[in-house]
Amino acid sequence: MKNLKKYLIVGILVIIGSLASCKKGFLNTLPTNIVTDQQIWTDPHLVTGLMASFYDRLPSEYSISVNYIDMCDYDEAMYSGQNNAANEAHNNITSYANNRNDLYDNNDWRIIRDLNEAILNADKYGAATLDVPTRTQLKSEFRWLRAFMYFQLVIRHGGVPIVTQPLDYDYSGNAAPLRQARNKESEVYDFIASEMDAIAPTIGNSVVAKGFADYSRANMYTCMALKSRAMLYAASIAKYNALLTPTIVTAGGEVGIPASAANAYYQKAIDAANVVINSGIYKLYNSNPNLGENFYETIRQKTGNPEVILVRDFLVAKAKKHLFTYDNIARSVREDNLSSSQASPVLSQVESYDNLDNTVGTIKTNDPVTGDFIYYTNLTDPFQNKDARLYGTIVTPGAPFKGSAITEQAGVMVWNASTSTYTTSEGTVLGSSYTDGGLWVAASGPNRTLNEVSNTGFYLRKMVDQNALSSTRGVQSDVWWVWFREAEMYLNAAEASYELGNIGNAVTYANVVRARAGFTGANLFTATTGQPNSISRDRIRNEFRCEFAFEDHRIWDLKRWRIADQLFTGGTLTSPTTNPDAIGYALYPYRIIRPGDPTRDGKYVFVKLIAPRFKAARFFQPFNYYTKISQTAINNNPLLVQNPFF
Amino acid sequence: MKKFRLKLRCGLFCALLLLVITPCLTFAQSGDIKVTGNVADEKDAPLPGVTVKIKDGTGGTQTSINGTFTLTVKGNATLVFTMVGYNTVEMPVNNKTSLTVHMIENTTNLEDVVVVAYGTQKKATISGAISSITSADLDRTPAVAATSALVGKIAGVTARTTDARPGNGATINIRNLGNPLYIIDGVPYSTNNTVDAFGLNVTQQSGINAFNELGLDDIESVTVLKDASTSLYGLAAANGVILVTTKHGKKGEAPPRLGVSGYYGIQNYTRYGTPSTAGQYVLAQDQSTQNLNLQNLTNPANPLPYSNTELSNWANQVDQAHLNNDYFKAVNNPNVPQYNLSANVSGGSKNSSYYVSFGDVSQDAVIKDYSFTRQNFQANISSTLADGLTVTANVSGHLQHTHNVGVPGLDDYFNPFLSILSMLPTEKEYANDNPMYINQTHNVNVNPATYKESVTGFTDDLDNDVALKLSGEYTFKFGLTLKALYDYEFGHEYFDNFEYTYNAYIYNPKSGNYDNRPDLADGVTPDLTAGLYGNQNPYHESHRRDATHKFSQVTANYQHQFGDHNISAVVAYERNDTQTLSLVSHSVPPNNIIGIQYFADLDTFNDTRVDERTESVAFKLDYDYKKKYILEGVARYDGTYIYQPGHQYGFFPGVSAAWRINEEPFFKKKFGDWVDNLKLRASYGLSGTIVGVNAFDYLAGYNVNSGSAVFQGTYVSGVTPRALPTTNLTWTTNSIANVGFDFDILHHLTGTFDVFVRSRSGLPASRYDVLIPTEVGYTLPNANLNGDKTQGFDGQITYTGKAGQLTYSLGTNFTLARTENTTIYKPRYGNSYDQWRNGVANRWSGNPTSNTPVGPTFGHHIIGQFTSQAQINSYPVNIDGQGNRTLLPGDFIYEDYNHDGVINALDEKPIGYAQGALPYFNYGLNGFLGYKNFTLNLDFSGATMQTFFRDFELKYPFQNGGNSAQFLLTDVWHKADVTDNNSAWVPGTYPSIRVNSNGLSIFTVPAGGAAAANNDFWLTNVHYIRLRDAILGYSIPPAITKKFGINGLRVYVEGANLFSFDNVSKFQIDPEISSTNGLVYPQQRIYTVGFNLSL
């Protein structure tokens, strides 16, 4: 008995104790979601994953998946979504911040660092398993990505240090040897050009396993597209900065390019664009005889689209998706019970589209002689015979979208015979009926105060998805984001030719794009001066505005032309500047109730007004041409020269 | 165990334990005898009402009014005399027929045994700062989560209930140090209390969860370690330790004791904002437009949205179309139940004991279709298999079910609260008041008609855990006990959120139709291509999580007494291995019917695995001399998987000492007649905190599944280079110093007081004087550079007394704790203003639990409100940056703090404590009255030194284009006549309403200020005291209950949160919430009836 007890004691203690016994290295667990250099460079799938991560990290001021609320910050749109202090600030920009678009922090430079590392590691770790052409291709593509980063840096900050090797701190307490001064602005553009020339032959991806180019990775034509854009930017800065008073330059050329360099850059922009234009691979998208729909498809058509050169693609089926449609679809066709209507195009953008008879696109609301309203039978009447890009970009009142006519009506105007005036009545409920039984406020507004309904009378069409459920949070949309497309090559060449004095070529290039918008014959541009259809610098610039609205081109174009400060002149709304470009205007349709007057009763009139939620005129000041280098960055590297005005 | 050897002073515990360890003691055989006796106090005054029980037997009686009793017992029996306020006396009968018993009045219970780290200890010999609370005090509160039951009852514990939705507990800190370590029946749980976007704990086995999910009735005691004694828990212990012990049966307690208790309560919000009526809303809309027109800020001037006729129609609710819609009523479902029923049976034989319980608690939400239920079970069984060898099994588990309505958006509780104030009182829940048709309204997302499970779906969260704690221990005759403990826990959580699509309608009076989509321009024909109203976003998301928690421990415990020297030593080795496997899947369900997910509908499937491991050795040595001089040393050698191999282990020692000065002869001589106990204590200890580092930060390489791209139509999962490895950062080192004393004086007054400082060094910060060029692309990993200290005091005082048949006690406890940033790595300032405005060094930190230094909260000071346009026009300071032309009477006058004539960010000054932090000062008041069979408990809790910032719904009229609380729309500056811009201004508390009025001084800060800057009009430094519980109980006399075979029956009525005195009542919010918009579930006022039955 006593022995049994003893065994029992020992047995139980041993069993329990063994569960707790010491084990060496017990704490050294390994993670499941981290791979090493040695692993990654031996597995082509992981290398492709690395490439995917780099493409995913490429910055833009706004895109279809990031920061698209910033579309509401210039003269393209204003904000009409859910109101809160942060969002309403987009309608109340009394001054653009001096650090707007900053791309100069550690995380931004880390992309360049990771690319520099990848260029080295491809050989260091990949030599054993990847053949030389494969590694050359990879290194070329990493260099394209790096050049794209430098392009994004130079258009924001001017010249930046060109770092092509990973910089490693040795923990000695002295990081001075790692400091590098800013290169000249021109040197960064030159670096992009030379890199593109160098890698174009080896970057691969070119054409075309399945009969089309890989839109989502760079190829030799993407090199030329980036080069063309970069050279055009360098040229415009060289030419137009010199015309500013004062010019925006630093002594060392970190900011500012000598005017003398302009022509060479313009020529390079044309040459690079011509490589793409003459490739035989890329053409303007021209598949739908309805030119408005055709332009809409230009951006979002994913199959058989010869126009796009590089995109950031999405795929709903794999949860690679975005909320652009959820946030921007017209109110009456939203499917979710929240959001919609964030970016509302402003009237000045709408009016920038010419009429097809080549007259300016101002919307006519009142009879110039009598001053009375113009009474339109249909909501769509004021928008007939317009540049097809208006339809393809913006949903105007009554225009179809997603198979539905987007009726827009702010309220009714009731004729008061005793005072001979109209009384305006704007309801507070969307889709409600007025006492006469007819529509009071349309389901899509516009409305002065309601959230998530257009404040301007216009909605976005470009990039907004029409697929079922794409406006819901659960499903979302996979419309892709276009970085480069063929139309830009034509307009780049047109602008550069014009600036070089080759007006004939400019007309030829520009008319390719203009013809796609529906202009024909005598309404196309001509080189002859003094004609209604004469080409001019302003009209070429307006082509950029119409063609690339909401594609993250506008502010960079305004900056390189050095006219942003002339457009966005600030001031308050109660003492309006003479400059409507700085103010978000709206166009409100009303239904006329005037029984006994069949020429007016039931017709629509339009009222132009400052969008009621718009609070301050845009104010772009000379210091906004270059984003301030943060004090942190200068503290970190005293060799950095600050940009002018700071 | 020799510690508890037989003494003359016998406590109940001692005797019980004596019986356990000396089962072979023999008693003389004898027959029944009749015993009579007298019971008196120290002054020989007879004591009536003393309970007399036969130890280990049945039967008993109470003393008469003369203090006498008669009882028939066996001659070898022992009688136990108990009475509230007196030491329990045990007296062997020894065949005597007459006994005289003197009971000594006692308030201290120094012989009480308290659960401490790795064992138990008599209160008298404890040298550290420890507070404890037992089941009787915990059970008083009708709490669903155990943390709520601690509030206001323990010195040193600070608390705040910011969101009291069903199942939620309070945020508990010890001395405001941060989330403490919970140890339940000897097993430590994770201190990681991170919550994901769905409000679920990232670590299922987090200590606060494990504690909250215990059955409240199963908790025997809670001990709070506050000072150097926490060093025994090393890296996890820096924020204090909460030791929880569950109930056990008592050996030798032969007849099983069956206990049943339950309560049923009716809940309502303590407070919630009253929405404005339709009449108030339409008038305010007109006033807003009028005010904007007065400012001439809109172009052209806006027409008033409501005519005078409409205003009066709404105000008088003239017809069906103008009825006011009260959305507080629509959302809420008052008087909902909360109930608890638990039963347990306990007992023991000579060699074994058991406690088995089952509990069921249920709490409905005031919002319909939301509920919380939990079933707990616990079985604690212990058996002595042989001399000195005991095995114990504690099995416990719970099934917890949270059920919400599947409202779109992450938090199902947010939208109902949002809708109360954002639905317009002028719009109807149902189109044309027809309950078949949900009204589309201005935003159907907040229409309460949709908050029904049948309409919008459901969210179920099932949290099921089972824990098995097995231990065996063997005690050698020479005082050494070896113990091995193995704990295996398995937790499964299943979160399932299915949101339906639903249609909504607009009634079209012209056609008589209920339109589910917009009409064509004729206003009659539905536009079949337009989007449907309602919500067409199908959504189904599931989370499955399996957590396996394995903990093992081997302990050696040695106790011996050498003459007057008592020694006790513990060495423990323990290891912790937790694995969490999680799966998240999301699908787009094709319909509202099929409730499970299919592969074809999935668009997200995330699989993660997390392994967490720790390994440690703990040491503890206790020594006392005559229980007069007491010394304790503790240490832990602690290792964690977080850091790189070779740098995983740290050593954390602590020491404490106490001097029971009242045991000194000189002291006894001088003060002995009124000082029963006076103990001076001091302690100092070290511990660590894992801060600013994630697991595997020491590894370079690449993160998989990080970023992604679509190449040629094919999805490619991204592989992203990791940041620079962090290899030189280690834990912070914390030291805690504590000085305090315990006292029992005048036989009635007992108390404790402690002063403490916890200093942390090595808080992560950047070594910014080594500047790495930004172009390098990384920042240097943080190093252990900064430091802070949290200091304050806590204590408690209780007075216990008795007058005739009235017994009473009054106690208070209090805690003050705040933090100063003591060490900031080479602080650098541009100028003295920069230092004052942005510096944090040597300043009281805004937030005591922050790991990065923060300074005080800055904002504008409001010195008044303009009373007339003339005053604005002549005011010399430019407040709005536009010459004050945007201001109207009623707008704030900002203090021009720097006297530069313009208001901007330079005028900000410190105005408050940290937003969302726990109050720096907490206190509780606990009162007790007992008269005959009646008892009354009153528990107050209160706090101060805490700041609440109002924002959104509590600040902006018509926030989100909705309605507002009445005080925001009616108590405002406005023109007497809304149609006459020349009429007089009528003053109010709030500035005049201007909807969507960005850039106006009342709502945003003046020019140049940060958008989020505060001012002290919208800020409240909150102080409150609330009656947390009031309980009136009645114990039915045993004489009656015995007839029904019932040992005891107590019934009670209780009111929780009956009232509070505070300074936020005017905003209609509960003083403990921290959400700036007030849209959270406030605490509940609960009226409860309950009973405790023992058989």
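Residue numbers start from 1 in every chain, and the chains themselves are labelled A, B, ... in the order their sequence lines are given, proteins ahead of strands.
- In this structure the side chain of Tyr215(A) never reaches within 4.5 angstrom of the side chain of Val710(B), judged on heavy atoms.
- Applying the side-chain contact (heavy atoms from CB on, under 4.5 Å) test to Glu574(B) and every residue at least two apart in sequence or in another chain returns Tyr118(B), Pro188(B), Phe551(B), Gln553(B), Ser616(B), Arg636(B).
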Please test Val770(B) against Tyr171(A) for side-chain contact (heavy atoms from CB on, under 4.5 Å), starting from the C-alpha separation and ending with a verdict.
-> CA-CA 9 Å; Val770(B) 178; Tyr171(A) 289 91; over 6 Å; no

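- Both the sub-6.0 Å distance and the 45° axial angle are not jointly satisfied by Arg473(A) relative to the ring of Tyr539(B).
- Per-residue heavy-atom pair counts under 4.5 Å with chain B were compared for Glu426(A), Lys318(A), Lys321(A), and the maximum is reached by Lys318(A).
- The backbone N or O of Gly707(B) lies less than 3.5 Å from no partner atom in the side chain of Ser53(A), so there is not a single donor-acceptor pair.
- A cation-pi contact, defined as under 6.0 Å to the ring centre and within 45° of the axis, links Arg575(B) to Phe26(A).
- For Asn445(B), the parts sitting under 4.5 Å from any heavy atom of chain A are the backbone and the side chain alike.
- The part of Ser717(B) that comes within reach of chain A is its backbone (N, CA, C, O), which places non-hydrogen atoms under 4.5 angstrom from that chain.
- At a 4.5 Å heavy-atom cutoff, the contact between Ala723(B) and chain A is made by backbone and side-chain atoms alike.
- Heavy atoms only, all atoms of each residue included: Arg331(A) and His442(B) are closest at NH2-O, 3.4 Å.
- If you tally non-hydrogen atom pairs under 4.5 Å between each of Ala695(B), Gly534(B), Ala700(B), Pro305(B) and chain A, the highest count goes to Gly534(B).
- With a threshold of 4.5 angstrom between heavy atoms, Thr426(B) does not approach chain A through any atom at all.
- The greatest number of non-hydrogen atom pairs below 4.5 Å with chain A, out of Leu532(B), Thr608(B), Thr604(B), Asp577(B), is found for Asp577(B).
- Top candidate by heavy-atom pairs under 4.5 Å with chain B, chosen from Gly403(A), Pro638(A), Ala443(A), is Gly403(A).
- Between the side chain of Lys320(A) and the main chain of Tyr715(B), no donor-acceptor pair closer than 3.5 Å is present.
- In this structure, chain A has a heavy atom under 4.5 Å from the backbone of Asn576(B), while its side chain stays farther away.
- Here the side chains of Leu338(A) and Pro408(B) are not in contact, with every heavy-atom distance at 4.5 Å or above.
- Contact of the Asn28(A) side chain with the Gln648(B) side chain is registered, since non-hydrogen atoms from C-beta on lie closer than 4.5 Å.
- For the options Ile112(A), Asp114(A), Asp436(A), Val160(A), heavy-atom pairs under 4.5 Å to chain B are most numerous at Asp114(A).
- The backbone N or O of Gly474(A) lies less than 3.5 Å from a partner atom in the side chain of Asn537(B), making a donor-acceptor pair.
- Under the 3.5 Å distance criterion, the side-chain polar atoms of Thr774(B) are left unmatched by any main-chain donor or acceptor of Asp105(A).
- For chain A, the option among Ile772(B), Asp611(B), Thr779(B) with the highest count of heavy-atom pairs below 4.5 Å is Ile772(B).
- Side-chain atoms of Asn337(A) and Tyr533(B) include no donor-acceptor pair closer than 3.5 Å.
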Which is it for Asn33(A) and Phe696(B) under the side-chain contact (heavy atoms from CB on, under 4.5 Å) test, yes or no, and what are the steps along the way?
-> CA-CA 10 Å; Asn33(A) 55 352; Phe696(B) 309 116; 5.6 Å; no

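- Closest non-hydrogen pair, Tyr641(B) versus Thr29(A), comes out as CD1-OG1, 3.8 Å.
- Closest non-hydrogen pair, Gln536(B) versus Leu469(A), comes out as O-CD2, 3.1 Å.
- Checking each of Leu724(B), Val776(B), Leu780(B) against Tyr169(A) for a side-chain contact (heavy atoms from CB on, under 4.5 Å) leaves exactly one that passes, namely Leu780(B).
- At a 4.5 Å heavy-atom cutoff, the contact between Ser706(B) and chain A is made by backbone atoms alone.
- Contact annotation for Arg767(B): neither backbone nor side-chain heavy atoms come within less than 4.5 Å of a heavy atom of chain A.
- Counting heavy-atom pairs closer than 4.5 Å to chain B, the top residue among Asn106(A), Ile406(A), Thr423(A), Asn116(A) is Asn106(A).
- Per-residue heavy-atom pair counts under 4.5 Å with chain B were compared for Gly431(A), Pro166(A), Ala317(A), Ser332(A), and the maximum is reached by Ser332(A).
- Of the residues Ile506(B), Asn508(B), Asp515(B), the one that meets the side-chain contact (heavy atoms from CB on, under 4.5 Å) test with Ser433(A) is Asn508(B).
- Judged as a side-chain contact (heavy atoms from CB on, under 4.5 Å), and not counting sequence neighbours, the contacts of Ile629(A) are Tyr104(A), His157(A), Arg182(A), Ala633(A), Ile634(A), Leu640(A), Gln642(A), Asn643(A).
- At a 4.5 Å heavy-atom cutoff, Tyr488(B) makes no contact with chain A through either its backbone or its side chain.
- Heavy atoms closer than 4.5 Å to chain A are found in the side chain of His586(B), but not in its backbone.
- Counting heavy-atom pairs closer than 4.5 Å to chain B, the top-ranked of the candidates Ala176(A), Pro400(A), Ala52(A), Ala175(A) is Ala52(A).
- Among Asn535(B), Val610(B), Val704(B), the residue making the largest number of heavy-atom pairs under 4.5 Å with chain A is Asn535(B).
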